[in-house]
Amino acid sequence: MTPESEKLNQQESPEMPCAGPKNKTAITAAKASTQNDTQSEGSRLAWVLLMGCAVRLCAFVLFPDLISHYLSGCVELSTPVTSYKRLAEGLHLCAHDISPFDGGVFHQSPLLLLLFKAFYYLPEFFTNLVYVGADALVALILAKLAASKRIQQQQRIQQRGPAVPGEIALSCSPSMVAMLYLFNPLSLGTVLVRSTIVFSHLAIAAALLAGLDGLANQAVVWTAVATHLSFYPVMLVAPIALMSAARSTATGNQLKSIALTVAKFLFVLGAMHAVFVALYGMQYFTATFDFTLRVADLQPNVGLFWYFFIEIFDEFRLFFFVVFQLTALAFAVPVSWRFRRKPLFAATMLVGIISALKSYPAWGDLALFLGLLPIFEELLKYMQYAFLSANLLMYGIGLAPVFWHLWIEQGSGNANFFYAATLVYVFGQITLLFDLGSAMLRRELDIHHPETRARPVIQE
Amino acid sequence: MALVLSGQGEKTSPLLKWTRKYSAYLCYPLALVGMLWLLLLPSQTFSRRAYFSENAMMPSQANSKFGDEQHLTTMHRIDTALSTADKLSSPETRAHALLSVFEAIGLDSEIQRFAFEEVPGIGETKGTNVHGILRAPRSDSVEALLIAAAWTTFENKTNINAVRMMAGLAKFASEQVYWAKDVVFVVTDSGEKGIEAWLKAYHGINKAAPIHVRSGILQAAISLELPPAKSYEGLGLYFEGKSGELPNLDFINIVQHISRVQRIPAYLHGMEDAPYGASFFDQYKQSAKLLLRQVRSQAISLSVGVHAPFLRYRIDALTISGLVPSGDPIALQNSLVGSSVPGMPAPATIRAIGRTVESTMRSLNNLLEHFHQSFFFYILPANQRYISIGDYIPAAGLMIASLLVQAMHLWWMQGSDDLRSDSPRTRIERMNKYYSFLRKTLPSSIGIVLRVHALGALLFAIPMIIPQAVLTHTTSTAYVFTMALASISMVLHISDIYWAPKARSLVDWQQLKAIVELYVAVTIACLSVMNFSLAVVMFGITGLPLVLTRVCSFTRRAYRIANLLMLLATSPVCILALSRTALLGLSPFDFTSNPFRMFLEDFHNFSSLTYPLLCLVYWPVNLLCIVVVLVP
């Protein structure tokens, strides 16, 4: 076992390493100041959440026409599996006792139907409130993740000293994390369009928080819910399993706990699917799970799949959808294994990979990834080409609506223009992922090999 | 990836250090080459001969038969109807006269009475449109062609010739059996805004003034503008839209070809080419004039022609206007006398123009699909020559590259020099220092950018919330000057905040300039595909000053003053004032007309881009440049 895992195991031991009287007062003073800090942090966080909610509600109230005519039609923000209009269609069918999957319009989870059943009869303002509340909850959970991670880091420093001596900027304050997520224009746009990806993000964030806090069963249930809502969080089983495995000490126990987590996950997911298949028949399966897998609707979006699948012949469709889905799903185990000591980071990388490579992505997926990034503030200083990835993302996000306008509304452009902007966007995401991964590798190098700290690192 | 490393200075190879230091100077040649490329466009280096791509059109392959006595009689009928009803005075009587003529020909006709606001919130102006639809005899009304005219021309003369021509064409068209698409004839009395109101109603958006008599999808539209004259020496072709949209090049090419066959050649913007044996300089001058005319129409698009609203609806459209020779008897008569109906043009002229339009409609009739074969992105330096996008967009690319290169350099060079020095420190210390510098300065940079853009957003939004701000041209001038004063106070406010020594370390001006350059580069890149002329103009007034501004901690007072003068010269207020001469031919001190108000009108009625760009990009960026020059 490497020293790092030993240290991780030691983290759980209740006894502190021997500390003299000077260290003790330092520790108690640190505790007291952290308590004060915590209180002011808490109030700052509350303010940030309030302002975020206020901005969203103001946008809903002040610009209803802009939202319903223009933004709701933006394919970059809503996709066939997350569109609010389709959810409304499903609710309408449900309210009239017809199966919501009749008609081939509704492709989302019946859990969402359950959530919004009551709101169908209330004015639209309450639905908007639900979305604003869900987004605020995501921000709150991200802030709590940052706080948990910060506490763990501080405990570690008190026990064993800093990982890299002289290092600064170890952890972002929770209120800053929440602010960066809430005031990201991409997440604002996602809420205004009322895309249901917000609920999937909520489930992912809750799963990560539960995993980090050691609540294994909760983590598994939330991951299953996230997978049920949108298919790709199935990749997150690997880091969640590793998070719960980190709690046990011996190797055999670890393997057993990983297997147990996966089994629990499959059971919960299978149970949910079975219940809904029993309620709605195989139509439910074809409309949701199968739909996402075989990319049935080729509506343009900011992903890679639609353009390709428009061109290929029917006999090759099966082969290509297997290849494309494998490209996305194949990263789960390798990424989690490489970063097995830091499962939260592995989960973040997987969230980024989902955002880039899933079958129906939207800008909201990038918003979650960018929201998870500040939690790893210690890595941000190791990032080397943030300029490049920021520019690529800006050009991808800026040019996509322009080319859409040229293609669809003006008739001067064609699909290639829009796909090119999409490619730039995905390339920017992948550059960001590479940068983040290499930042983590460099940090690990700095931690484990102190003799290299004075020398420059050349990456071939 | 090595070149785009952050300023951490991890790899300290001498080549890299040299590149970083001297990349600052790369941006000037790039911008220069970009601008030189633009200067090369009028020479014939990049242009190619125009050709037809759509084989289905077969321009002027069929005999044209317009010009019978019957058609001329119908054209006279308009005059009779109008003179019996009180001499062209009230729009209502005019509309009814026209309606009766259309109905006599056998078209399904309707009058649309609409009202539009010039600027949001300010009083409604009423207008009347009359349209008649000729149903295709043997097909269902799935598609339609359109001929439009306004009652007044661009120079405010009466456009009665175009209305007469339209009536004659309608009579002629109603006798033919080959129409596969309906033909719609529209006459409006409010110019571009009238056509916009008609189009909105036709597509079902205008609930206040709906149209009930409709046809199918409009495939193409021609707008006629024929000032009073005895004969025309040529036709003028106008093709830009309200936001720089362009019709398919095929449309322009067939009209030029057909008009030449009919011996009444069509010239782009009414400008003839330099004669065949002319010197290079003369030909360059003529091309340059034509290109500048196009830049003006595309970038500013204030009054481009009655065809302009169609382009926003994916309907290829052109305006064909008659070029009046000097000394024309009817033209002179009409400019001297006031309100009598001017005489008809000579029958030969009527026949030529009528046959041109007839042939064009015949070719359009052949189309099975929308125009899709030929170019949508082009620049026309001369009649029957075009420059394709691959040949003119590198100019924009180079200009954007110059902004990007300077942004990269500034990003590397931000902070004091000891961030990048080679003093023996560990990698950790260097990273820490760089990151803590970023952490300290990035929020202030973003804060300043947001503050200045908030001012720009106010400038944008106030005329929509408080319409009185742009009530008349004079008040809008006052509004612009008030906002200029507010901008100055914003600059003073920012300098106030960051003047104290403690606060001075919180902001890095190079970083701020880098961020602004990146943002302007993205904007110009997005614009260059939508409206190339506007992108070039934006670079000229926003990007170039950005590139030339030097962050002042490094320059002497003389440079600072020179920079400030340049920025004031390219500031929105100054450019708006100077552009009156270019746009409207007025003196810069004439406060009774205001481009700002005109841009707002265009934005409100046609969603054209100039107003948002002016308020949200040009004005704030100019302010930010002034901040960067003045404050440190």
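So that the names make sense, note that chain A is the first sequence line, chain B the second, and so on, each numbered from 1.
The distance from the OG atom of A:S175 to the CG atom of A:L182 is 11.0 Å, given to the nearest 0.5 Å.
Proximity to chain A is absent for every atom of B:F371, based on heavy atoms less than 4.5 angstrom apart. Proximity to chain B is limited to the side chain of A:L406, based on heavy atoms less than 4.5 angstrom apart. At a 4.5 Å heavy-atom cutoff, the contact between B:A521 and chain A is made by backbone and side-chain atoms alike. Only the backbone of A:I408 comes within less than 4.5 Å of a heavy atom in chain B; its side chain stays farther off. Residue B:I400 touches chain A through its side chain alone, counting heavy-atom pairs closer than 4.5 Å.
Judged by distance alone, the side chains of B:Q298 and B:E240 never bring a donor and an acceptor atom under 3.5 Å apart.
For A:Y307 and A:Y419, the ring centers are positioned less than 6.0 Å apart. Checked against the 6.0 Å centroid criterion, the rings of B:Y519 and B:H453 qualify as a close aromatic pair.
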Could you walk me through whether B:L146 and B:I315 satisfy the side chain to side chain contact (heavy atoms under 4.5 Å, CB included) test, starting with their C-alpha distance in whole Å, then the side-chain angles of each, then the deciding distance to 0.1 Å, before giving a yes or no?
CA-CA 10 Å; B:L146 193 142; B:I315 304 169; over 6 Å; no
